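Here's the structure we're looking at; comments come further down.
Being a predicted model, the structure only gives us computed values, none of them experimental. Only heavy atoms go into these numbers, but all of them, side chains included; no hydrogens, no water, no symmetry mates. In what follows, chains are A, B, ... by sequence order, proteins preceding strands, each numbered from 1.
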Amino acid sequence: MIQKKICMIGAFAVGKTSLVERFVTSLFSEKYHTTIGVKIDKKLIHVRDCDMSMILWDLYGEDEFQKIRASYLRGAAGYLLVADGTRAETLTKAVALQKFTEETLGKTPFALLINKCDLVNEREIDRNDLETCRQNGWRVIETSAKTGEAIEDAFLTLAADMLECDANTQ
Amino acid sequence: MDDPSFKDHSRRTTPETPANGEDGLTELRHLLFAPETTRLTEIKERLDDPQLHARDISEVLPDAVRIRSTRDTQLTTALTPIVEEAIHTSVQKSPQMLVDAISPLMGPAIRKSILVTIQGMIQSLNQAIEHSFSVKGLGWRLEALRTGKPFAEIVLLHSLVYRVEHVFLIHKKTGLLLQHVNDGVVTIEHEDLVSSMLTAIQDFVQDSFGTQQGDGLSTLQVGGMTVWIEQGSQALLATVIRGTPPEALRPMLLDVLDTIHAEHADLLVLFEGDSTPFEAVRPSLEDCLQRQYQDVKKRKTSPLLWMMGATIIVAFGLWTFSAIREHLRWTDYIATLQAQPGIVVTSTERRDGKYIVVGLRDPMAEDPEAILATQTVIAPETVASVWEPYYALTTEFQLARARRALKPPATVTLSMEHAILRARGAAPHRWVVEAGQLARTLPGIDHYHDDDVLDTDVRELEAYKMKIEHLYFQYPRGSSAISEALKEQLELTSETIKKMDTSAQRAGKHVHIDIIGHADEIGSETVNLAISQRRAARLLAKVDSPTLAHVTMTARGIGTQMTRSDGSSDRDPASNRRVSFNLRITDVLP
């Protein structure tokens with residue numbers, strides 16, 4: 001069994017905790033819980049003939065008062081950037097966080113999750129921006145913690161990317 | 001000819017071909033024998049070059065050793081002193097190497113041995129405490145009852161100095177768990193999450209307080225648990241310890257961590273999430289599962305405690321003795337009551353410090369209060385009695401009740417059989433009558449027989465009657481006067497009649513006295529009749545009295561009608577000049 005540390009990174013209230021909750025326990029709650037510090041969960045998955053224990057570090061959402069600590073990112077084998085599809089500024093924040101994370105970790109597999117995709121009418125993030133991200137080599141996945149859409153896929157894709165990255169390094 | 005050395009060598013040793021044919025023979029020899037010459041040169045080089053020679057031998061040495069060792073033991077004999085010397089040298093030079101080599105074998109064996117010893121010790125300790133009545137032991141028992149934990153566990157917890165329950169080897173950079181061992185007593189789920197969280201806490205503290213790299217959190221204290229975190233360059237060793245660990249444990253933990261770093265430096269640096277290679281460090285981590293218990297010795301009990309204990313035991317003994325004695329007295333009293341005729345105990349109980357006895361009591365039965373006061377030493381104020389009256393229908397009680405009601409005179413005996421009361425003996429008339437009436441009202445008596453009771457008043461009356469009827473007054477011829485000689489008899493008669501009146505009253509009878517005057521046959525019948533009438537009348541006048549209430553008298557003369565029939569009247573006419581009495585006793589009508 002291989003273990004991997006994965007960080008959930010994003011602005012506050014984008015749904016990082018809900019995504020982890022949905023992925024780990026298949027549950028969703030409308031109630032909002034602010035993450036203070038870090039919350040750690042675990043999910044066992046099987047990907048590419050490999051058993052993997054994903055240690056999910058759900059970091060508190062970054063805002064103007066609280067910056068993400070580099071120490072929490074250290075040792076992460078991959079990370080999920082999470083943005084809220086109904087708040088355009090969270091994508092900007094995600095881009096900034098990606099830059100920060102890459103500076104801290106180096107080139108590391110990651111994916112950009114545009115969460116709350118079920119709220120179609122409230123969507124603010126421009127699809128062109130996402131396309132730009134894709135053109136930059138980012139893996140962009142639209143998810144909904146509420147409906148569960150594409151969540152499993154997002155985590156498994158990241159896991160596969162991490163394994164591929166390991167294979168390349170060796 | 002694929003050997004590169006050979007190729008190289010051939011390239012190196014092949015001379016340039018003479019362009020102008022210096023020596024044909026030499027050239028021919030060269031052409032003919034060049035390969036062999038080259039081969040010989042190479043073999044010579046290999047034999048002369050120790051390195052090449054060693055390489056050649058190394059190719060065949062394993063097989064050679066194996067083949068020889070299967071054939072005989074000479075090789076072993078030859079190698080033994082060399083190997084021993086090598087080991088000796090190795091141990092002197094680097095003992096750790098040997099320790100590392102044998103620790104995977106020795107560690108589990110030693111741990112198992114220690115575990116068995118500790119378990120035996122704990123078991124004997126447990127038994128010793130289990131069978132002791134110390135205050136502490138009782139307290140622990142209560143705690144075991146309250147918490148639902150086994151008594152042995154409570155004892156261990158209280159006698160525990162410290163116990164390392166978990167050891168985590170954590171990859172410092174990723175926070176991922178490299179290896180985890182526990183003591184088998186306390187287990188946790190998701191030890192990998194604990195590992196990550198410890199790392200997160202560590203990072204948080206370092207960031208928050210701006211400590212220098214390497215100055216990580218070293219101790220966490222949670223209730224009775226302590227978490228020690230030893231910092232290594234690549235890994236952390238976190239130990240979860242219950243109780244108060246000695247500081248001497250820390251160097252030992254650091255040694256283990258250093259050893260792991262030294263032996264697995266490459267694995268730690270290259271760690272990418274696969275913790276399988278770190279299975280090898282388990283024995284080292286298990287060595288960290290140290291524990292220590294208090295030496296539970298029997299402390300010398302102070303004399304004061306002994307005295308207190310003895311006092312308590314004596315007081316308890318006295319109380320128990322007193323309670324038992326009181327209980328026995330009470331049961332004796334109840335048994336005494338139950339044995340009493342006319343007493344039926346229906347219930348007993350103890351309420352509010354008082355004994356309560358409830359039952360039925362014949363009024364003629366013994367007084368329970370008196371029994372309590374005279375036959376027991378129970379304090380009467382501690383007993384409350386509730387007695388309902390009832391009639392006991394035993395023969396004894398019916399007879400007693402009949403005696404009490406009828407009050408028979410001493411001359412009368414009463415007996416009881418099959419609900420029939422019998423009276424025997426002699427009794428005054430009045431008692432006979434009243435007893436006959438009362439007996440029928442007594443409970444449990446169906447019949448009353450007094451046929452065998454002699455009425456003493458009637459008998460007396462009969463005696464007076466006989467006495468008077470045997471009296472007679474004799475008169476001189478032609479006389480009806482009471483002579484001096486008859487006066488004494490007259491007084492006797494009057495007295496007897498008075499007694500008879502009294503007796504008749506007691507016997508409820510009426511007596512009629514018929515005074516009959518008689519005359520002898522001398523003279524005419526008329527004269528004789530007259531004189532007989534006078535004799536009767538004059539005597540009546542003498543003996544009759546208005547005070548007589550139950551005796552009536554009449555006088556009549558019958559002349560010579562009833563002369564004495566002894567056939568001597570002619571010869572002794574005086575015997576017919578008399579007055580006789582005829583008495584008739586009749587019942588007084590109610």
Side-chain angles (χ1 to χ4, degrees), chain A residues 1-9 20 24-25 35-45 47-60 62 66-79 104-106 108-109 158-170, chain B residues 168-180 188-217 220 227 229 231-236 238 264 266-279 281-282:
Chain A
M1 169 89 65
I2 193 165
Q3 300 177 79
K4 291 291 179 189
K5 173 179 173 180
I6 291 107
C7 291
M8 303 294 291
I9 304 165
V20 172
V24 174
T25 65
T35 303
I36 297 170
V38 58
K39 182 172 169 289
I40 298 173
D41 271 301
K42 181 177 80 169
K43 176 82 173 178
L44 300 178
I45 59 165
V47 62
R48 291 192 179 176
D49 295 331
C50 177
D51 288 324
M52 183 187 288
S53 171
M54 297 182 95
I55 307 295
L56 303 166
W57 287 49
D58 176 15
L59 307 185
Y60 55 87
E62 180 165 303
Q66 204 173 208
K67 304 294 175 196
I68 284 185
R69 295 170 193 237
S71 58
Y72 287 155
L73 299 171
R74 200 178 56 233
Y79 58 97
T104 308
L105 295 178
T108 308
L158 178 65
D161 287 350
M162 288 188 298
L163 287 179
E164 194 175 327
C165 180
D166 283 353
N168 291 337
T169 354
Q170 286 166 6
Chain B
F168 295 86
L169 182 66
I170 301 168
H171 189 239
K172 195 169 184 176
K173 185 179 170 190
T174 60
L176 296 175
L177 183 65
L178 297 173
Q179 202 51 242
H180 165 254
I188 54 169
E189 287 184 36
H190 305 308
E191 56 273 12
D192 38 10
L193 292 186
V194 175
S195 159
S196 293
M197 207 64 224
L198 277 174
T199 313
I201 294 168
Q202 176 98 350
D203 294 341
F204 173 77
V205 171
Q206 276 181 339
D207 285 353
S208 301
F209 300 108
T211 55
Q212 292 181 348
Q213 194 66 29
D215 293 342
L217 186 66
L220 288 172
V227 182
I229 303 170
Q231 309 279 342
S233 59
Q234 299 296 328
L236 307 174
H264 305 283
D266 291 346
L267 284 175
L268 288 169
V269 172
L270 300 173
F271 178 69
E272 290 287 348
D274 183 7
S275 59
T276 316
F278 291 94
E279 282 290 329
V281 306
R282 282 188 73 86

Validation row: M197(B), V38(A) side chains within 4.5 angstrom (heavy atoms):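 Yes, side chains in contact.
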Residue part contacting chain B, namely of I40(A), when any heavy atom lies under 4.5 Å: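 For I40(A), the contact with chain B is made by backbone and side chain together.
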Interatomic distance, E272(B) atom CD to Q3(A) atom CD [nearest 0.5 angstrom]: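 E272(B) CD to Q3(A) CD: 12.5 Å, rounded to 0.5 Å.
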Electrostatic pair R74(A)-D203(B), nearest N-O below 4.0 angstrom: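 Counted as a salt bridge, because a side-chain N and a carboxylate O are separated by less than 4.0 Å.
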Which atoms form the tightest heavy-atom contact between [X] and [Y], and what is the distance?
X: G75(A); Y: T174(B); result: O-CG2, 3.0 Å
X: K5(A); Y: K173(B); result: NZ-O, 4.4 Å
X: Y72(A); Y: A200(B); result: CE2-O, 3.6 Å
X: I2(A); Y: D274(B); result: CG1-N, 3.8 Å
X: K42(A); Y: D192(B); result: CD-OD2, 2.7 Å

Segment of L270(B) engaging chain A (4.5 angstrom heavy-atom cut-off):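 Contact with chain A: none, neither part.
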